[in-house]
Amino acid sequence: MEIASKYDPRAVEEKWYQFWIDKKLFHSEPDHRVPYTVVIPPPNVTGVLHMGHMLNNTIQDVLVRRARMQGKNACWVPGTDHASIATEAKVVKMLAERGIDKRSLSREDFLKYAWEWKEEYGGIILKQLRRLGASCDWDRTAFTMDEVRYESVIRVFVDLYNKGLIYRGVRMVNWDPQALTAVSDEEVIYKESRSKLFYLRYYVEGEDRYIVVATTRPETILGDTAVCVHPEDERYQWLKGKRVIVPGVGRAVPVIMDEYVDREFGTGALKITPAHDINDYNLGMKYGLESIDIFNDNGTLNEHGGKYAGMDRFACRKQIVKDLEEAGLIEKIEDYTNKVGHSERTDAVIEPKLSAQWFFHPAKFKNTYRHWLENIKDWCISRQLWWGQRIPAWYLDLDGRVETIVALNEEEALKIAKEKYNHTGTLRQDEDVLDTWFSSWLWPISLFDGIRNPGNPEISYYYPTADLITAPDIIFFWVARMIMAGEEYMHNVPFRNVYFTGIVRDKLGRKMSKQLGNSPDPIELIEKYGADGVRMGMLLTAPAGNDLPFDEAICEQGRNFSNKLWNALRLVSGWQVTSETSTTSSTSATGTDTNSVAVQWMEQRMAQVLEEIEKDFDQYRLSEALMASYKLAWDDFCSWYLEMVKPAHGTPIDRETYDATLSIFSRLMLMLHPFMPFVTEEIWHQLETKKLELRTKNEDSDEHLSSQLLALTSNFSIMNQHMLTSVYYDQRLLDEFDTAREVIAGVRNIRNTRGLSPKETLSVSYIAKDDRFQVSRFEGVIRKLGNVSDITAITEQPAGALQFMVGTAECYVPMSQNVNKEEELKKLQEDLKYYEGFLRSVMAKLSNEKFVGGAPAPVIEKERNKQRDAESKIAALKAQIEALG
RNA sequence: GGGAGUAUAGCUCAGCUGGUUCAGAGCGCCUGCCUUACAAGCAGGAGGUCACUGGUUCGAUCCCUGUUACUCCCACCA
C-alpha cells in the first residue's frame, strides 16, 4: 500500500470533476421524481469570483447535492447577467485603451465589440465555479441577453405596456454622470460625507435688505427659480409678494411660502432649483415655477451656466463660492455632515435630473409586499446605454406630435403604424435599453422558457424553484421583483424558501472589497487548501444569516480535515484480514468482543448524529450540520472507533469487523459528501473497490466476473448514492460508552499529571454507588484504550491509590511507587470544597419553603438527587483524606 | 428622523416552551508526546459576574423596564 501521507487535493479534484461532467451527473431532465430546482443568482458576466460568490455557491451546492442524494431530481441552473452599466463601462474603457471613442461608433459596431468582450471574458466566473465543485447543470447555462431571455424581456415589456403598467414620462431621476444613464432609487447609495453649508445673501429686488439662504450646493443657484419660506414664519412675513435677486446671477425670482420648509433648519429660507432637486421639483410643480437645467449629462455646466459653462460641477462650486465671497454675497460658511447619494455601479455622485424615462408601476403589488416595500415607488426601468435589451418602443412624428408604438419588433410596429395612423414610412426606435434587473426579475421563469412558451413541460416541472440563496442587500432589487414577476406570469411565487447569506467581511469586520484589497483570491485559496478545505472554511464561519468574518485559518482546518479522512483511509487500507471467519477466531482476549461492541456503538452514534443533522438541515443550519459531521468523523470514528478496532501491530483484523469498518467509513463519506464532494468521492471509490476485492476474493468467484464488477464500480459515483436517513438508536448503549470514555480519560489524566508512560499497564478498581455506572460491556475497550490490565469492582477504598470520579462512582488506580501525599491531599481538599459549596446551594433551595411549596415535583426530586449525590461524594472524599492523612 | 437586530470563553458562535444536555462547541492557548494512519498529528488541561441596571418569580443567560455599545434596513431637511 503506497499511499502518500499527505492528501493532495489538486489531482483528485480535477479527476472527479471531469468524471462527473463526462458521466453527465449534473444534468437534469424532467422525469417522475420530485424536482429540486435552484437557480443561481446570476453573477455579472464580466465579474470574477469573489468570496461572496464562494459562500453563496457553496451553500447552493451543499443543498443541491444533498437533495440529489435524497433521490430528488436536482437541477441547478447556472448563468450570468449582462450587467448593462458595469459591462458597458468596461467595454468603453477597453475601447478607449485602443484609442476608440464610443461616440464615434454606431450602436451596431459598439454592440459587436461588446459581444466580443463578453465572449472573451464572460465565461471566467462560471469556469471558476467548477473549481469549487459546483454541480450546476452546465448544459442549461443561460445569459440574460441570450435569445430566450432577450425575447422574454421584450414580451414582458410589451405585455406590461399593454396592461398599462409601464409608462413613459418626464420625471426627476437619479442621474449617474459617469455612466451617463439614469439609475433606479435602489441603485443609489447614500454615504455620509463632510461638506460645507454656505449661507448666501439674496437681496430683495430694488431694496437694500436681503435674506440669507443656506445651501450645500451653491452651484445650483444658477438654476434657482424661487426662494421659499414657511408661511407662518414671523421673520419673513415682510417678504410676502416680493422678489429677490439670485446672488451672482442677477435674476429676480419670486418668494413663495410653503409649509414644506423646516423653520428650524439653517435660516428657515430655502432656495428652489426645480431641475436639480426632487423636493424643489415638487414645489416647482405646485407653484408653476420655471425649471432651469444647468447641467450637461456628464455633470459639467451647460449654457445656462453662463460664465461657468463647460466647468465640472465640483470645480464650478469652488469657483462660484470664490466669486460670491469677493462680491460679499456670502454671509458665512459652516462645516456640515450630510449624506450624499452615490451610484452603486460607478460610485459617482448622483445628480437629480429631469428626463424622459420609462417606468414600471408596481402599485398593484402593494398589498402583497407591504412588509418589504412600505413606500413603493415607480421603478425607472430605462437606461441610456446600448448594452442590454433595447426598449421595443417606436416613435412616429405626426404633425408636431409624437405617437408611441410598443411592439415585439419593428415589423409589428410598422403594422400598427399603418393600421392606427395610416403611416407607411420609417419609425424611430427608442435609443435606450432596459435596466438589467428588468431581465433578472424574470430569471426563474425565463430559464425554463416560461415567458415565451407558457405551460411547457420544463416550466411546469421545475417551477416554482425550491430554495433561493442570495445576499440580503438585493432583496429589493431582485427578490421582491422576482416575486412580482412570478405572481404576474406564473400566478405563483418563484421559490419556496429564500436563504439570505451573510456578508463576507475580513477579520477587522470590514466588508470585503476590491478597493480595500482585503479580499483573498478564491482560486488561490483553492490552490492552497483544496476546494473541499475552502468549502468547509466558508461553511463553518457562516451560521445562517450572520455576517461571516472570514479567516483563512478556517480553510486550513478544512484542509486538515480532508487530510485526516485521507489518513483514516490509509490506516484501514493497510489492515490484513484473517482468512478464518470471526466466530472461530480466538486471536486475543481483546479481540472480537471489543470489536463487535465497538461496531455496535459506532452504528448507534452515527444514527444519533444523523438525526441531529437532519434537524439542522430542516432549519438550514448548515454550519451546525457540518460541525456535527466533522466531530463524528474525527472524534468518534477516528479517535475512538478506529482506535478500538485497530489490530495490534503485525496482526490481522477479523473479517466481520473489517467489513463493518468499510461500511461505516463508506457511509460517513455519504454524510460528508454534500460538504466536501471531492475527497469523499475519492475515498468512497477506494472503499467500494476494497469491498469488492474482498468479496470476490473470498467467495472464489471467477476473475472475469470480478473485473467486470470492478469496472462497474468505477462507473458509479457517490453523488447519486442514497443519502442515509436516521434510524432508531440505543441511548443506553451510548450512555454506557460515555461512562467508559470517562474512565479512560481519567486513567489518561492520571498518567499525564504523574508523568507515567502510556506503555506502563495500570489497573483500575471502582466503587459504584448505583447502576448508573456500567462498564461491563465496554471493559475490553477500557483495557485496550486505557492500557489497563483489569477492572475490578470493590467495596472498600484501597490504600495508596490515586483516585478520580466518574459521575458518583469512585475509581482507583493503585500505585506501585509512593504517591505524593501533599499533592493528592491538596486535590482532594479542592474537590471537597467544591462539593460542599454545591451541597450548600442545593440545601438552600430545599430548605426554602416557597421552593418546596411552589416548584413542581420532578424539579424537587432532581434537587434531592443532587443532594444525595453530593453527600455521598463528600463522604467518600472525607474518607480518602482520612486514609491519606 | 423612523424601524429591526445583536451583546455568552482570547476569537467566531450554539444555547428550543424560565429549573441536570445550564453554563456548551470549534478554533486559539497551556502541558506532555515523532505511540509503526495522520505533527495538516496524539493525549491531557486551563479559560466566562452569560453587556450594565432595576423588576417579575420559590428560582432568570432565558421574561419585562431602563442604560450603554455595535450592526443592519428605511427616509433623505436644503
Side-chain angles (χ1 to χ4, degrees), chain A residues 1 3 5-7 185 188 190 197-198 213-217 220 228 260-262 264-273 277-280 336 338-341 372-375 472-473 475-476 503 507 509 529 533 540-543 545-551 553-554 556-575 615 619 621 623-624 626-628 630-631 634 638-639 642-643 646 648-650 744-753 755 757-759 785 787 844-846 848-856 858-860 862-863 865-866 869:
Chain A
M1 275 303 132
I3 311 180
S5 73
K6 292 271 186 289
Y7 171 64
D185 291 344
V188 178
Y190 288 89
L197 196 55
F198 303 90
V213 175
T215 179
T216 52
R217 301 199 55 195
T220 60
C228 186
Y260 168 75
V261 178
D262 178 357
E264 306 300 316
F265 190 89
T267 60
L270 174 65
K271 67 186 213 54
I272 307 294
T273 321
D277 182 281
I278 181 65
N279 299 304
D280 293 9
Y336 184 64
N338 65 345
K339 297 196 173 167
V340 177
W372 274 354
L373 308 162
E374 271 304 328
N375 248 326
D473 49 348
I475 289 181
F476 299 97
I503 292 166
K507 270 195 269 188
Y529 302 107
L540 283 186
T541 34
N546 283 18
D547 279 7
L548 57 160
F550 184 77
D551 186 348
I554 307 176
E556 196 177 327
Q557 191 184 350
R559 176 200 63 176
N560 294 354
F561 185 43
S562 303
N563 194 51
K564 183 73 185 177
L565 297 173
W566 179 251
N567 275 290
L569 174 71
R570 286 179 67 215
L571 174 67
V572 171
S573 304
W575 287 344
K615 276 189 199 146
Q619 300 168 68
R621 294 157 62 127
S623 62
E624 271 88 353
L626 173 55
M627 183 48 72
Y630 169 80
K631 287 194 275 189
W634 197 308
C638 292
S639 299
L642 288 180
E643 292 299 330
K646 190 182 191 172
H649 189 233
I744 293 165
V747 174
R748 283 171 175 172
N749 186 13
I750 281 178
R751 284 185 203 281
N752 241 315
T753 50
S757 160
K759 285 175 184 149
L785 300 194
N787 190 15
K845 268 191 201 174
L846 283 171
N848 182 338
E849 277 169 33
K850 283 182 183 167
F851 171 73
V852 182
V859 173
I860 295 172
K862 272 173 192 164
E863 291 301 315
N865 283 337
K866 279 195 212 169
D869 286 355

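Computed from heavy atoms alone, side chains included, the values below leave out hydrogens, waters and symmetry copies.
B:U21: glycosidic angle within 90° of 0, hence syn.
Among the protein residues, A:Arg559 comes within range of the nucleic acid bases, having at least one heavy atom under 4.0 Å from a base atom. Counting any heavy atom pair closer than 4.0 Å across all strands shown, A:Tyr529 reaches no nucleic acid atom. Using a 4.0 Å heavy-atom distance criterion, A:Cys228 is classed as making no nucleic acid contact. At the heavy-atom level, A:Ser639 lies under 4.0 Å from the strands shown only through sugar-phosphate atoms. Here A:Phe561 lies out of heavy-atom contact (under 4.0 Å) with every strand. Here A:Lys6 lies in heavy-atom contact (under 4.0 Å) with a base. As judged by a 4.0 angstrom heavy-atom cut-off over every strand, A:Trp634 is placed among residues touching the sugar-phosphate backbone only. A:Asp262 comes within 4.0 angstrom of a base, heavy atoms only. Contact annotation for A:Lys646: base contact, defined as any heavy-atom pair under 4.0 Å involving a base atom.
Taking atom P in both B:G5 and B:C64, the straight-line distance is 11 Å, to the nearest Å. B:U36 and B:C52: their P atoms are spaced 49 Å apart (whole Å). For the P atom pair drawn from B:A40 and B:C22, the interatomic distance equals 36 Å after rounding to whole Å. The separation of B:A4 from B:A78, taken at their C1' atoms, amounts to 29 Å, rounded to a whole angstrom. Nucleotides B:G44 and B:U20, compared at atom P, are 27 Å apart to the nearest Å. The separation of B:G24 from B:C62, taken at their C1' atoms, amounts to 15 Å, rounded to a whole angstrom. Using atom C1' as the reference point in both B:U61 and B:A7, the two lie 11 Å apart (nearest Å). For the P atoms, the distance from B:U31 to B:U68 is 44 Å, rounded to whole Å.
One donor-acceptor pair, N or O on each side, does fall under 3.5 Å between the base of B:C38 and the side chain of A:Lys564. A donor and an acceptor atom never sit less than 3.5 Å apart when one is taken from the side chain of A:Glu643 and the other from the base of B:A43.
Side-chain N/O atoms of A:Tyr260 include none lying less than 4.0 angstrom from OP1 or OP2 on B:C76.
The distance between atom CG of A:Asp551 and atom C1' of B:G26, rounded to the nearest whole Å, is 13 Å. The nearest whole Å value for the distance from the CD atom in A:Gln619 to the C1' atom in B:C13 is 16 Å. Distance, A:Phe265 CZ to B:G1 P: 14 Å, rounded to whole Å. Regarding A:Lys759, its NZ atom lies at a distance of 6 Å from the C1' atom of B:U35, rounded to whole Å. Rounding to whole angstrom units, CD of residue A:Glu624 and P of B:G15 are separated by 7 Å.
Take the nearest nucleotide of RNA chain B for A:Asp869 and for A:Val852: the residue whose nucleotide is more 5' is A:Asp869. Each of A:Leu197 and A:Tyr7 was matched to the nucleotide of RNA chain B holding its nearest heavy atom; the match closer to the 5' end belongs to A:Tyr7.
The aromatic rings of A:Tyr7 and A:Trp566 sit tilted, their planes meeting at an angle between 30° and 60°.
Using N1 to N3 plus N6-O4 or O6-N4 for Watson-Crick, or N1-O2 and O6-N3 for G-U wobble, each under 3.5 Å, B:A4 pairs with B:U71. Nucleotide B:C29: paired with B:G45 (Watson-Crick or G-U wobble, both distances less than 3.5 Å). With a 3.5 Å ceiling on both atom-pair distances, B:A78 lacks any Watson-Crick or G-U wobble partner.
Side-chain atoms of A:Ser5 do not come within 3.5 Å of backbone N or O of A:Asn567 as any donor-acceptor pair. A donor-acceptor pair is defined here as one N or O able to donate and one able to accept, closer than 3.5 Å; no such pair exists between the side chain of A:Asn563 and the backbone of A:Arg559.
Across B:A78, B:C74, B:A25, the shortest atom-to-atom separation from the side chain of A:Lys631 is found for B:A25.
Annotation for A:Cys638 and A:Ala568: closest pair SG-CB, 4.0 Å, computed over non-hydrogen atoms.
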